[in-house]
A.B. asks: 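The structure's right below; bear with me while I get my questions together.
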Amino acid sequence: MSVAQTINPGVSFRSMVVKPPSHPTYDMKGVIKLALAEDAGDRGDVTCLATIPFDMEVEAHFLAKEDGIVAGISLAEMIFHEVDPSLKVEWSQKDGDYVQKGLQFGKVSGQAHNIVVAERVVLNFMQRMSGIATLTKTMADAARPACILETRKTAPGLRLVDKWAVLIGGGRNHRMGLFDMVMIKDNHISIAGGIINAIKSVDQYLEQQNLQMEVEVETRTLEEVDEVLRYTSQTKSSLTRIMLDNMVIPLPNGDVDVSMLKDAVEMINGRFETEASGNVTLETVHKIGQTGVTYISSGALTHSVKALDISLKIDTELALQVGRRTKRA
């Protein structure tokens, strides 16, 4: 089942300014159901059952507790709809917008019990996605004219959610998984007996299977780059991109030497897309982006994410008082 098929048609999602990336088997609704089920267990929310009259209605407000890019608004709507389709959700911001600490940027109204049941699952997704989007936005701006990519270093089960957040933050998606792009990495090269053997095997496989898809090969030295270029100049190949791995050299003073990366880009001279990987940080990404590479990939966008602090409060005045006291609002 495709992602599009798992999005409930009963929800309008006017807030979906950035659609989720496509995946042939990912079940977004299933992920939402699993997140709710692990929270509810076999008894449901015993605190809500004990303290909140089931027919009580309230209004709760989303509050940004730090500056950043908000993401997960569309997913939050899906979660609220899954818990209770009668809940009314309104937003003053949309996915990808900048929010400042203290800003109330959305509200949900309806049965109090169901709002509180959905609260933590909604916030867990939104905080993680907003953290990814915030870091991606900073990295993407600094990387220009190169495009910033994430990797497959995502939270298990949240591949599409993490990659959706990257898109919201202004980045581009790398391959979704093992199925949609050939990526010849160091272990494949070692097992195949060399980089050219690996490329030849891929070319043969794609021809035999009558498949057309992007093919990337990882290179670690200028000699490997030269080997790939010589082979592809003499033989028709499906290769579309060359990864230049760890060609950004850290220096003792905290700076980086990108001369090897520049040399590789000049050798390739536009014949293939190029991707820089390794030693990519907020401090180094701008310098890497000036070398002429097409893409810069960073696993840190998703594997080392710092969640953006967001809360959902019914008594917003008291929440703001506490926030000011603790310097969080």
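Since the structure is predicted, the reported quantities are computational estimates derived from the model, not experimental observations. Just so it is clear, the values below take in all heavy atoms, side chains as well, and ignore hydrogens, waters and symmetry mates.
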A.B. asks: Measure the shortest side-chain to side-chain distance between K287 and D255 over non-hydrogen atoms and say whether it is less than 4.5 angstrom.
C.D. replies: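 Yes. Closest side-chain heavy atoms under 4.5 Å.
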
A.B. asks: Out of the candidates L167, D141, V166, only one should pair with T136 under the side chain to side chain contact (heavy atoms under 4.5 Å, CB included) rule; please name it.
C.D. replies: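 The option that passes is V166.
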
A.B. asks: Please check if the side chain of S277 supplies one atom and the backbone of D245 the other of a donor-acceptor pair under 3.5 Å.
C.D. replies: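 No, the answer is negative, given that no donor and acceptor are paired below the 3.5 Å cut-off.
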
A.B. asks: Okay, side chain of K185, backbone of E218: is any donor-acceptor separation there less than 3.5 Å?
C.D. replies: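 Answer holds: no.
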
A.B. asks: Counting distance only, does the side-chain N/O of E150 pair as donor-acceptor with the main-chain N or O of H174 below 3.5 Å?
C.D. replies: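 Yes: the side chain of E150 pairs with the backbone of H174.
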
A.B. asks: Determine whether a donor-acceptor pair (N or O, by modelled atom type, separation under 3.5 Å) exists between the side chain of Q127 and the backbone of I310.
C.D. replies: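 Judged by distance alone, yes, a pair lies under 3.5 Å.
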
A.B. asks: Minimum heavy-atom separation for S22 and M176, please, with both atom names.
C.D. replies: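 In this case the closest contact between S22 and M176 is O-CE, 3.8 Å.
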
A.B. asks: Output the rest of the hydrophobic cluster of Y295: all Ile, Leu, Val, Met, Phe, Trp and Tyr residues reachable through side-chain heavy-atom contacts under 4.5 Å, sorted by chain and number.
C.D. replies: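 Y295 clusters with L149.
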
A.B. asks: Are M260 and V225 grouped together when hydrophobic residues (ILVMFWY) are joined by side-chain heavy atoms under 4.5 angstrom apart?
C.D. replies: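 In one cluster with M260: V225, yes.
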
A.B. asks: Rest of the hydrophobic cluster containing M243 (Ile/Leu/Val/Met/Phe/Trp/Tyr, side-chain heavy atoms under 4.5 Å)?
C.D. replies: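 ILVMFWY cluster around M243 also holds M183.
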
A.B. asks: At what distance, to the nearest 0.5 angstrom, does CG of D203 lie from CG of L239?
C.D. replies: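 If I round to the nearest 0.5 Å, the distance is 8.0 Å.
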
A.B. asks: Answer with yes or no whether the side chains of N124 and R128 bring together a donor and an acceptor at under 3.5 Å.
C.D. replies: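 Judged by distance alone, the side chains do not pair up.
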
A.B. asks: Does any N or O in the side chain of D309 come within less than 3.5 Å of the main-chain N or O of E66, such that one atom is a donor and the other an acceptor?
C.D. replies: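 No: the side chain of D309 does not pair with the backbone of E66.
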
A.B. asks: Listing request: all ring pair (Phe, Tyr, Trp, His ring centres under 6.0 Å) pairs with a residue in residues 95-114, at least two apart in sequence or in separate chains.
C.D. replies: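 Pairs touching residues 95-114 that pass the test: F54-H113, F62-F105.
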
A.B. asks: What distance do I249 atom CD1 and D257 atom CG have between them, rounded to the nearest 0.5 Å?
C.D. replies: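 If we round to the nearest 0.5 Å, I249:CD1 and D257:CG are 6.5 Å apart.
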
A.B. asks: With no hydrogens and no angle check, is any side-chain donor or acceptor of T235 less than 3.5 Å from a backbone partner on T232?
C.D. replies: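 Judged by distance alone, no pair lies under 3.5 Å.
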
A.B. asks: Does L251 sit in a hydrophobic cluster with other residues, and if so which ones, taking ILVMFWY side chains as linked at heavy-atom separations under 4.5 Å, directly or through other members?
C.D. replies: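 Under the 4.5 Å side-chain rule, L251 groups with nothing.
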
A.B. asks: What closest approach, in Å, do L135 and A300 show between heavy atoms, and which atom pair accounts for it?
C.D. replies: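 Where L135 meets A300 most closely, the heavy atoms are CD2-O, 3.8 Å.
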
A.B. asks: Just to verify, what does T281 make a side chain to side chain contact (heavy atoms under 4.5 Å, CB included) with, not counting sequence neighbours?
C.D. replies: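 Scan of T281 (side chain to side chain contact (heavy atoms under 4.5 Å, CB included), adjacent residues dropped) gives E283, T284.
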
A.B. asks: Any side-chain heavy atom of L75 sitting closer than 4.5 Å to one from M129?
C.D. replies: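 In contact.
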
A.B. asks: In terms of hydrophobic clustering (I, L, V, M, F, W, Y; side-chain heavy atoms under 4.5 Å; direct or indirect links), are V18 and I148 co-clustered?
C.D. replies: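 No, V18 and I148 fall in different hydrophobic clusters.
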
A.B. asks: Would a 4.5 Å heavy-atom cut-off, applied to side chains only, mark K88 and V108 as touching?
C.D. replies: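 They are not in side-chain contact.
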
A.B. asks: Under the ring pair (Phe, Tyr, Trp, His ring centres under 6.0 Å) definition, can you give me all pairs with a residue in residues 131-157, not counting sequence neighbours?
C.D. replies: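 Sorted result for residues 131-157: empty, none.
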
A.B. asks: My understanding is that only residues two or more places apart in sequence, or in another chain, count here; which of them pass side chain to side chain contact (heavy atoms under 4.5 Å, CB included) with T138?
C.D. replies: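 Testing T138 for side chain to side chain contact (heavy atoms under 4.5 Å, CB included), a comparison that skips the adjacent residues, returns L282.
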
A.B. asks: Is there side-chain contact between E216 and V182, with heavy atoms separated by less than 4.5 Å?
C.D. replies: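 No, side chains not in contact.
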
A.B. asks: So, do L301 and K163 sit near enough that their side-chain heavy atoms are less than 4.5 Å apart?
C.D. replies: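 No, side chains not in contact.
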
A.B. asks: Looking at V217, is its backbone amide N or carbonyl O close enough to the side chain of R241 to form a donor-acceptor pair, meaning the two atoms are under 3.5 Å apart?
C.D. replies: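 No: the side chain of R241 does not pair with the backbone of V217.
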
A.B. asks: For residues G299 and T151, report the shortest heavy-atom separation together with the two atoms involved.
C.D. replies: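 Closest pair (atom of G299, atom of T151, distance): CA-OG1, 3.5 Å.
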
A.B. asks: What's the spacing between D95 CG and S130 OG if we round to 0.5 Å?
C.D. replies: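 These two atoms lie 7.5 Å from each other.
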
A.B. asks: Report the distance from atom NZ of K29 to atom CD of E82, rounding to the nearest 0.5 Å.
C.D. replies: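 Between K29 NZ and E82 CD, I get 5.0 Å after rounding to 0.5 Å.
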
A.B. asks: Tell me which donor-acceptor pairs under 3.5 Å the side chains of residues 36-47 have, and how far apart each pair is, sequence neighbours excluded?
C.D. replies:
from : atom 1 : to  : atom 2 : distance (Å)
D45  : OD1    : T47 : N      : 3.1
D45  : OD1    : C48 : N      : 3.0

A.B. asks: Apply side chain to side chain contact (heavy atoms under 4.5 Å, CB included) to P53 and list each qualifying residue two or more places apart in sequence or on a separate chain.
C.D. replies: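 Expected list: D55, M56.
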
A.B. asks: Establish whether V70 and F80 are linked, either directly or via other cluster members, by ILVMFWY side-chain heavy-atom contacts under 4.5 Å.
C.D. replies: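 Both belong to a single hydrophobic cluster.
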
A.B. asks: Provide the closest heavy-atom pair for V280 versus M139 in the form atom of the first, atom of the second, distance.
C.D. replies: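 In this case the closest contact between V280 and M139 is CG1-CE, 3.9 Å.
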
A.B. asks: Can you tell me if D180 uses its side chain to pair, donor with acceptor, with the backbone of G177 under 3.5 Å?
C.D. replies: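 Pair found, side chain donor or acceptor close to backbone of G177.
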
A.B. asks: Residues two or more places apart in sequence or in another chain: which of them pass side-chain hydrogen bond (donor to acceptor under 3.5 Å, both in side chains) with T302?
C.D. replies: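 Per chain and number, T302 pairs via side-chain hydrogen bond (donor to acceptor under 3.5 Å, both in side chains) with no residue.
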
A.B. asks: Same cluster or not: are M126 and V31 linked, directly or through other Ile, Leu, Val, Met, Phe, Trp or Tyr residues, by side-chain heavy atoms under 4.5 angstrom apart?
C.D. replies: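 In one cluster with M126: V31, yes.
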
A.B. asks: Between N246 (side chain only) and G278 (backbone N and O only), is there a donor and an acceptor less than 3.5 Å apart?
C.D. replies: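 Flag not set: sc N246 to bb G278 has no pair under 3.5 Å.
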
A.B. asks: Drop me the distance from W164's CH2 to I132's CD1, to the nearest 0.5 angstrom.
C.D. replies: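 Output value for this atom pair is 12.5 Å.
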
A.B. asks: Same cluster or not: are M213 and V202 linked, directly or through other Ile, Leu, Val, Met, Phe, Trp or Tyr residues, by side-chain heavy atoms under 4.5 angstrom apart?
C.D. replies: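 Yes, it is one cluster - the side chains of M213 and V202 are joined through contacts under 4.5 Å.
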
A.B. asks: Does a donor on one side chain sit under 3.5 Å from an acceptor on the other, for H61 and Q104?
C.D. replies: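 The criterion, which ignores hydrogens and geometry beyond distance, is satisfied for Q104 and H61.
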
A.B. asks: Which pair of heavy atoms, one from A276 and one from V293, lies closest together, and at what distance?
C.D. replies: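 That would be CB-CG1, 4.1 Å.
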
A.B. asks: Does a side-chain heavy-atom distance below 4.5 Å link H81 with L87?
C.D. replies: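 Answer no - side chains too far apart.
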
A.B. asks: Rounded to the nearest 0.5 Å, what's the gap from CD1 on I296 to CZ on R144? Could you check?
C.D. replies: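 If we round to the nearest 0.5 Å, I296:CD1 and R144:CZ are 11.5 Å apart.
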
A.B. asks: Could you list the residues that satisfy side chain to side chain contact (heavy atoms under 4.5 Å, CB included) with E227, not counting sequence neighbours?
C.D. replies: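 Listed in chain order: I195, I196, R230.
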
A.B. asks: Might you point out which heavy atoms bring Y26 and L158 nearest each other, and give the distance in Å?
C.D. replies: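 Answer, listing the atom of Y26 first, then L158: OH-CA, 3.7 Å.
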
A.B. asks: Keeping to residues at least two apart or across chains, list the ring pair (Phe, Tyr, Trp, His ring centres under 6.0 Å) pairs with something in residues 176-202.
C.D. replies: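 Listed once each, the pairs are H23-F179.
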
A.B. asks: Is any side-chain heavy atom of V228 less than 4.5 Å from a side-chain heavy atom of I242?
C.D. replies: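 They are in contact (side-chain heavy atoms under 4.5 Å apart), so the answer is yes.
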
